[in-house]
Enquirer: 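Quick one: the structure is below, and I'll ask about it shortly.
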Amino acid sequence: MFKLKVLITLILSFLLLSCNSDKPENLTIAKREVQKYYESGKFYEELNEVVEDAIDKFKDVEIKDSSVVIFDVDETVLNNYELAKQMGFGYVYKINKEWNAKATTPAFPQVKKLYDFLLSKGAHIIFLTGRNFPEYEVTYKNLKYAGFTVFDTLITQIGDETKMPAMEFKSMKRTELVKKGYDIIGTVGDQPSDVEGPYHGIQVRIPNYLYADIY
Ligand SMILES: [Mg+2]
């Protein structure tokens, strides 16, 4: 009888655990964990490792006149963590646009280090962002403000491009750049669309726990 009770308890515990595993994390707790990860500095330790690894990989690459590395902007070279916090780790259009208009978003110093390294090796830099053309000027200004003063071009979405999924848009733009004669030796970004698709070279995926482009 005792053994049967133990067996039943075990089965019930197993079933309970199985059910629990299907349940998501509480949103408030999940947000708090993300906040802690960034504010404790752990996020920046992870980012540091990603960048050091990338620098090691690029060290072995021969740079030609046509060599270019494509960087995304938000959560790649510009750190919008404080904005994300202001928006309660969601998305509030008005707050987002006001923040971007200030053009004072700080750089990730770690990614700036990678940018500086690539420039010192003689690579071209191009910024390719999903931001729309009305924000071209403020984005350009913000890049300069954050220390990204040398680059060939900044590409934003315009016209019908704004309706394209990021993956399609970024792949299309990279293909156009190759047709213009660029040799893409690397892509740096926080979303799959930044580093996947044709002509990506060395893929440097910047960690981002704040949001994801899901299509
Ligand atoms: Mg991004």
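What you see is a predicted model, and the numbers here were worked out from it, not measured in a lab. Numbering of ligands and ligand atoms starts at 1, following listing order.
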Enquirer: With a cut-off of 2.8 Å, does E75 place any N/O/S atom under that distance from the Mg ion (ligand 1)?
Expert: no
Enquirer: Relative to each other, are the rings of F148 and F127 parallel, tilted or perpendicular (30° and 60° limits)?
Expert: perpendicular
Enquirer: Any N/O/S atom, backbone or side chain, of D194 lying under 2.8 Å from the Mg ion (ligand 1)?
Expert: no
Enquirer: Regarding D160 and K163, does a basic nitrogen lie under 4.0 Å from an acidic carboxylate oxygen?
Expert: yes
Enquirer: Name of the D72 N, O or S atom nearest the Mg ion (ligand 1)?
Expert: OD2
Enquirer: Parallel, tilted or perpendicular: which one describes the rings of F108 and Y44, with boundaries at 30° and 60°?
Expert: tilted
Enquirer: Verify whether one side chain among Y209 and E33 offers a donor that lies under 3.5 Å from an acceptor in the other.
Expert: no
Enquirer: How open is the angle at the Mg ion (ligand 1) from atom O of D74 over to atom OD1 of D190, rounded to 10 degrees?
Expert: 90°
